[in-house]
Amino acid sequence: MQYGVLTKGTVVFMSHKSFVWLCLLPLAVVTTAFFLLPMARLVVVGAEGPQGLAGYLAILTEPRYRATLINTIVLAAATTVVTLIIATVAGMFLQRHRFPGRAVLIAMLTFPLAFPGVVVGFLIILLAGRQGLIGDLSNRLFGEKIVFAYSIYGLFLGYLYFSIPRVILTIMAAVQKLDVGLEEAARSLGASPWAVQRDVVLPALGPAFVASGAIAFATAMGAFGTAFTLATNIDVLPMLIYTEFTLAANFATSAALSVGLGFIAWAILALARSFSGGTVAAAG
Amino acid sequence: MNVIGDHGASVRVETCGKTFVDGTRALEPATLDIARGETLVLLGPSGCGKTTMLRIIAGLELPDVGGKVLFDGKDMTSVPIEKRNVGMVFQSYALFPNMTVADNIGYGLKIRGVGKHERASRVAELVALTNITGLENRRITQLSGGQRQRVALARAVAIRPGILLLDEPLTALDAALRDRLRGELNRLLRALGITTIYVTHDQAEAMELGDRVVVMQKGVIAQVGTPREIYFEPNSRFVAEFIGAANIIEAPVENGQLLLPGGRQPIGGDANLTTAVAMIRPETIGIVAAGSAPLSGTIDSVSFIGDRQRMIIGGASSKIIAVDAPNTITAKAGERVGLLIAPDAVRLLPPGN
Amino acid sequence: MRDRLIFTGQLLFTLTVAAFLVVPAILSISAGVTVNYFRGISSGVTLQWVFQVWDLYAGTILLSFVIAFATLAVTLLVGVPAAYALHTHGGRWSRIVEEVITLPIAIPGLAIALALILTYGGFGEFRRSWLFILTGHVIFTMPFMVRSVMAVFSTVDIKTLDEGAASLGASPVRRFLGVIVPNAVPGILAGALMVVTLSLGEFNLTWMLHTPSTKTLPIGLADSYASMRLEVASAYTLIFFVMIIPLLVAMQMFADREQGR
Ligand SMILES: Nc1ncnc2c1ncn2[C@@H]1O[C@H](COP(=O)(O)OP(=O)(O)OP(=O)(O)O)[C@@H](O)[C@H]1O
Ligand SMILES: [Mg+2]
């Protein structure tokens with residue numbers, strides 16, 4: 001190579017460059033072999049069913065799949081909205097006030113951060129299942145056992161359970177970055193506490209809402225463990241994929257559905273990022 | 001309904017102290033009266049409690065028990081800021097990034113339910129007044145520092161506040177722009193005639209803008225007076241040294257004369273004094289030929305500044321004496337000179353501190 | 001007065017949310033040490049369920065740790081150099097690579113697991129060994145390590161450090177090990193905590209990838225939830241909490257310290 005004859009400095013530079021490439025190599029190998037290749041295979045298998053490429057449309061055309069998709073989206077959207085509301089009220093409160101026990105409260109609100117979906121499902125059973133606390137209490141109070149863990153409401157509760165800690169952390173960080181001066185300025189101009197929230201605080205939190213909301217939504221779309229543990233009579237996309245794959249051995253369909261699910265989750269996150277990227281523009 | 005006009009309120013701050021929850025004593029109980037239409041400047045070094053005082057008047061902080069804030073004689077102490085009708089300009093400007101320039105300026109009017117058309121015309125008026133024509137539809141991020149400052153001022157004034165509160169509005173700007181805006185601000189404040197309370201740590205700003213200046217030190221009001229009063233008649237060493245340059249000389253007194261190593265300097269005041277702390281401004285000292293003044297010394301150094309020259313004189317007093325001499329005098333370091341000081345240019349300060 | 005009311009309202013709301021998160025966990029912990037959950041805690045306190053879980057599922061716990069630390073080792077060896085390379089190289093390509101390796105956070109684990117099975121399911125030995133699960137965990141946790149380290153690189157001036165060391169004659173490898181890595185330690189630690197925590201609790205991928213002989217803790221948990229009595233399932237969950245909560249606390253403390261700086 002003719003570069004070898006250049007000055008010593010250039011040689012050092014070149015070897016540094018190749019060292020950088022060397023650093024990247026293992027990641028390239030691992031990612032290609034165990035992610036890109038498999039994902040490509042998944043996409044191919046999705047089109048290998050009896051309907052061919054049209055198998056990808058089944059998620060929209062097949063009534064059962066479509067109903068499941070809508071179910072999943074509605075559930076994920078509801079989870080996102082409710083989580084955002086809860087996390088905003090609690091996060092704002094915790095960030096804006098100092099009182100004894102605050103640190104404990106924050107710890108309590110964030111500790112389920114990395115609980116796997118299965119555990120969350122089990123906790124929901126303990127709360128609202130057949131032997132659950134709510135059923136027990138309602139039985140004692142009204143003589144009627146309220147059990148909803150195994151319904152869509154139980155699933156909703158489970159999704160809330162693992163979304164709240166994540167979103168609260170994001171919102172708290174965003175509230176901390178808020179410029180208190182802006183709120184004081186709005187007040188000096190005569191804005192009531194509500195108007196301050198509406199005109200100053202919520203717009204400023206916009207990017208945080210979009211970012212954490214998108215994560216909550218994508219996670220809820222793909223959550224499998226909770227649905228799996230709560231099992232009975234819930235139709236959400238991950239459960240459908242699972243049953244198609246293991247019980248019906250319907251590889252092509254489950255692959256197509258997975259690709260669809262993966263695409264939706266990714267698209268939501270990508271969209272959110274492009275929104276909150278231009279922070280100020282989005283806040284308007 | 002004109003922007004220009006007299007709509008100020010008088011302000012009385014009555015024994016307002018402030019102790020923060022963490023125990024910091026930011027302000028000792030202080031009383032201040034601000035007349036309708038007056039511009040009062042709060043001046044002092046960093047951390048002396050200027051912002052705290054301003055925030056108490058604004059209604060952003062509650063004074064300690066016993067403190068009261070009155071507007072036009074009405075007790076406002078427990079009225080929240082949004083009901084006080086005060087215009088406020090923050091050091092960081094605190095412009096709303098999610099609104100355009102025009103929306104920022106019109107925000108207070110919108111909150112007050114002023115209709116769209118009236119709002120637009122008033123915003124236009126203020127845009128013209130503050131020299132930001134053409135920027136109405138810009139976002140805040142697209143403005144320069146000086147433009148932001150103008151928008152902040154326009155926004156605060158738009159609501160026709162009874163009192164205008166400004167917390168170091170020029171500090172974030174570079175020196176040249178600061179000087180220019182200071183002049184503009186001065187004209188604007190005079191034209192508006194609103195009661196104004198202006199916080200700064202820059203004495204030149206205080207002098208130019210203030211009808212009266214409140215000098216603060218460590219949570220205490222050190223002196224209140226017109227710029228002239230606090231410059232020529234400081235009541236303490238702190239004020240004398242904080243405002244402008246000052247030679248502070250401590251020396252024994254005999255027959256109304258300071259006994260100094262370089263001679264005897266006549267002073268006014270009480271003939272029975274035995275010692276004194278005297279303040280002499282550098283520009284009040286005349287440089288004359290040695291022997292033609294009762295006090296003399298040796299020039300240590302001369303720095304030519306342009307419009308004048310600063311001479312440092314040794315040997316006249318126990319400490320060096322700074323003199324601002326006209327730029328026409330030619331004198332070199334090492335020369336012996338006389339220092340001519342009129343007795344009434346010597347201000348006696350209370351001993352101590 | 002009104003402020004007081006708003007404060008109390010918000011406090012109550014926040015307490016309710018906290019209760020929603022904490023009460024089930026407490027229920028689970030207490031059920032795990034109760035003789036008979038039906039009859040309540042009055043039936044007595046016991047560790048018998050914990051021991052029973054240990055007898056039945058000790059293997060899953062062990063395997064979870066093996067996989068978690070293997071995942072950590074791989075993400076360290078692969079992820080830290082990659083983070084350095086991506087940071088140093090910069091530009092559009094680096095961003096694309098970062099984007100690609102971050103995809104597994106967005107794409108549901110189920111889909112990735114399916115993809116792995118469809119591609120490598122035919123390699124019997126590999127499919128049956130725990131290494132198969134390891135690949136899934138590595139893919140899933142890698143972005144956390146890489147991003148965590150890159151976040152540190154963007155705060156310390158890695159380029160100047162690197163050039164400084166180069167001017168002293170250090171080779172690229174020595175610079176990397178002697179200058180870059182020590183300066184990335186906070187990011188590496190934060191990333192490592194995250195990787196281990198996520199790997200220990202991973203279920204979505206693992207459920208699809210596991211075989212009867214390669215069950216991890218969360219798989220065992222799902223298994224016990226489906227087939228064991230409530231007390232056993234709770235005791236198992238209790239063991240999981242004991243393992244995972246210190247990690248979460250460490251992570252939180254780490255985040256606080258970072259914020260405090
Ligand atoms: N919220 C607060 N809690 C506790 N102490 C405070 C608070 N705000 C201000 N202080 C303290 O009160 C004192 C006065 O503060 P203040 O902001 O009034 O000073 P300032 O004169 O405006 O100074 P600067 O010129 O730096 O703005 C300072 O010692 C400051 O640290
Ligand atoms: Mg201040």
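Reminder, nothing fancy here: chain letters follow the sequence lines and each chain counts from 1.
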(message) Please report the interatomic distance CD1(A/I264) to CE(A/M221), rounded to the nearest 0.5 Å.
(response) 4.0 Å
(request) Look at the rings of A/F115 and A/F111 and say which category their plane angle falls in: under 30° parallel, 30 to 60° tilted, over 60° perpendicular. (result) perpendicular
(request) Measure from the ring center of A/F263 to the ring center of A/Y56 and say whether it is less than 6.0 Å. (result) no
(request) Find out whether the Lys NZ or Arg CZ of B/R112 is both under 6.0 angstrom from the six-membered ring centre of B/Y107 and within 45° of the ring's axis. (result) no
(message) For B/R155, which atoms come within 4.5 Å of any heavy atom of chain A: side chain, backbone, both, or neither?
(response) both
(request) Please look at B/I81 and chain A and tell me whether the side chain, the backbone, both or neither of the residue comes under 4.5 angstrom of a heavy atom of that chain. (result) both
(request) Between chain B and each of A/S188, A/G181, A/A186, count heavy-atom pairs under 4.5 Å; write down the option with the most. (result) A/S188
(message) As an exercise: rank A/D199, A/V200, A/D179 by heavy-atom pairs under 4.5 Å with chain B and give me the winner.
(response) A/D199
(message) Report which part of B/F90 has an atom under 4.5 Å of a heavy atom belonging to chain A: side chain, backbone, both, or neither.
(response) side chain
(request) Using a strict 4.0 Å threshold on nitrogen-to-oxygen distance, state whether B/R25 and B/D64 make a salt bridge. (result) yes
(message) Between B/L95, B/D103, B/N85, who has the most heavy-atom pairs with chain A when the cutoff is under 4.5 Å?
(response) B/L95
